[in-house]
Amino acid sequence: METARRPHPARGTIVTLGGGGFSDSADGRSPLGDHLLERTGVTSPAVCFVPTASGDAVGYGERFEQVFAGRARTSVLSLFGQAPWGYTDPAMVLEQDLVYVGGGSTANLLAVWRHHGLPDILRRAAEQGTVLAGISAGMNCWFEASSTDSYGPLAPLSDGLGLLPGAACPHLLGEEGRRDSLCRWVAAGDLPTTHAADDHVALVWRDGALVEAVAEVDNGLALRIERVGDRAVEHEIPVRRLR
């Protein structure tokens, strides 16, 4: 019997946001959003928002367009064919400088993306220089596994694209039970070594390795949690405050 191959990290830059950003700001502007644009190295980058995890919520996509208008050439990839965007060939992400994945249901996002062939396209995009980014479910999707509420209560999800190693946990302190449940699952071996980010904190990855953690608030928290014996051990990651 053929053994399934383990996913391998993608080459390129991926930025994973635990929460915050344009969707959690009164006027939509945020240092994390600015940081993502700067990462492209382009004055007026082509930026595509992917709201699959929210069922392509129209208001979510429209807010993205409003916030980034004038600073980027925006587009929205609607795999549900929602107006006003309609359905577009997912290969359009290969033409982007930045792909920004929104929050919602991680499990639903993964299922829909696979039906439309998006995982392979995103890997190719990263390898040719497109910055990949995402918040909440848009953080979870890049890893091998994650902490998710896709099925109601928080649960470990041993599924993901595997473009980044191990597991992810967004909203570390922002949602009740996230940190405690995560430590239980890592201690029990239900999740592998996990990188966790609180709201308004992002982890920056290059070629599958963590480069740094950044935050748009003071005292932002990011952790790497690993299993040692039958315990979960937390290692705090230094976080650089964005201005």
Starting from [Y], can I reach [X] by hopping between I/L/V/M/F/W/Y residues whose side chains sit under 4.5 Å apart?
X      : Y      : result
Val211 : Phe143 : no
Met92  : Leu109 : yes
Met139 : Trp113 : yes
Val214 : Phe22  : yes
Phe49  : Leu17  : yes

Crowded around Asn219 CG? As in, over 12 foreign heavy atoms under 6.0 Å?
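Not more than 12 within 6.0 Å, no.
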For Gln128, does the CD atom sit with more than 12 other heavy atoms under 6.0 Å from it, leaving out its own atoms?
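Yes, CD of Gln128 has more than 12 neighbouring heavy atoms, counting only those of other groups under 6.0 Å.
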Could you go step by step and tell me if Arg178 and Ser147 meet the side-chain hydrogen bond (donor to acceptor under 3.5 Å, both in side chains) rule?
CA-CA 8 Å; Arg178 281 277 184 179; Ser147 164; 3.1 Å; yes
Centres of the Phe64 and Tyr60 rings: under 6.0 Å?
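No, the ring of Phe64 stays outside the 6.0 Å limit from the ring of Tyr60, centre to centre.
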Would a line drawn from the ring center of Phe80 to the ring center of His116 be shorter than 6.0 Å?
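So the answer is no for these two rings.
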How far apart are the closest heavy atoms of [X] and [Y], and which atoms are they?
X      : Y      : result
Ala53  : Ala137 : CB-CB, 3.9 Å
His171 : Ser136 : NE2-OG, 2.7 Å
Gly18  : Asp199 : O-OD1, 3.4 Å
Gly208 : Pro9   : CA-CB, 3.7 Å
Ser78  : Asp56  : OG-OD2, 2.7 Å
Val47  : Ala72  : CG2-CB, 3.6 Å

List the steps and the verdict of side-chain contact (heavy atoms from CB on, under 4.5 Å) for Leu191 and Leu182.
CA-CA 8 Å; Leu191 283 179; Leu182 175 61; 3.8 Å; yes
Could you go step by step and tell me if Asp149 and Thr106 meet the side-chain contact (heavy atoms from CB on, under 4.5 Å) rule?
CA-CA 8 Å; Asp149 57 4; Thr106 304; over 6 Å; no
For residues [X] and [Y], determine if any side-chain heavy atom of one lies less than 4.5 Å from a side-chain heavy atom of the other.
X      : Y      : result
Arg71  : Ser44  : no
Asn140 : Thr16  : no
Thr13  : Trp205 : no
Val204 : Leu210 : no
Glu236 : Leu221 : yes
Pro192 : Glu144 : no
Cys169 : His195 : no
Val131 : Val99  : no

Let me confirm one number: the [atom1]-[atom2] distance from [X] to [Y], rounded to the nearest 0.5 Å.
X      : Y      : atom1 : atom2 : result
Cys141 : Leu161 : SG    : CG    : 5.5 Å
His200 : Leu242 : NE2   : CG    : 12.5 Å
Ile121 : Leu94  : CD1   : CG    : 6.0 Å
Asp89  : Glu95  : CG    : CD    : 9.0 Å
Arg114 : Leu110 : CZ    : CG    : 5.0 Å

Checking side-chain contact (heavy atoms from CB on, under 4.5 Å) against Arg227, which of Val233, Val186, Asp190 comes through?
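Exactly one pass, corresponding to Val186.
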Do any N or O atoms from the side chain of [X] and from the backbone of [Y] form a donor-acceptor pair under 3.5 angstrom?
X      : Y      : value
Thr148 : Ser150 : yes
Asp198 : Gly174 : yes
Arg11  : Arg123 : no

Is it the case that the side chains of Thr130 and Gln96 hold a donor-acceptor pair, with the cut-off being a distance below 3.5 Å and no angle test?
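Per modelled atom types, Gln96 and Thr130 side chains form no pair under 3.5 Å.
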Would you say Thr40 and Asp97 are linked by a side-chain donor-acceptor pair, where the criterion is simply a distance under 3.5 Å?
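No.
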Could you walk me through whether Val67 and Glu65 pass the side-chain contact (heavy atoms from CB on, under 4.5 Å) test, one step at a time?
CA-CA 6 Å; Val67 169; Glu65 291 182 314; over 6 Å; no
Flag the pair Asp34 and Arg243 as a salt bridge only when some basic side-chain nitrogen lies within less than 4.0 angstrom of an acidic carboxylate oxygen.
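No, Asp34 and Arg243 are not salt-bridged.
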Pair Glu216 + Arg241, salt bridge at N-O below 4.0 Å
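Looking at Arg241 together with Glu216, the answer is no, because their closest N to O distance does not fall below 4.0 Å.
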Pair Val93, Leu77 - check side-chain contact (heavy atoms from CB on, under 4.5 Å), show working.
CA-CA 8 Å; Val93 303; Leu77 177 61; 4.0 Å; yes
Is there a side-chain hydrogen bond (donor to acceptor under 3.5 Å, both in side chains) between Trp85 and Glu62 once you walk through the steps?
CA-CA 10 Å; Trp85 310 290; Glu62 289 178 339; over 6 Å; no
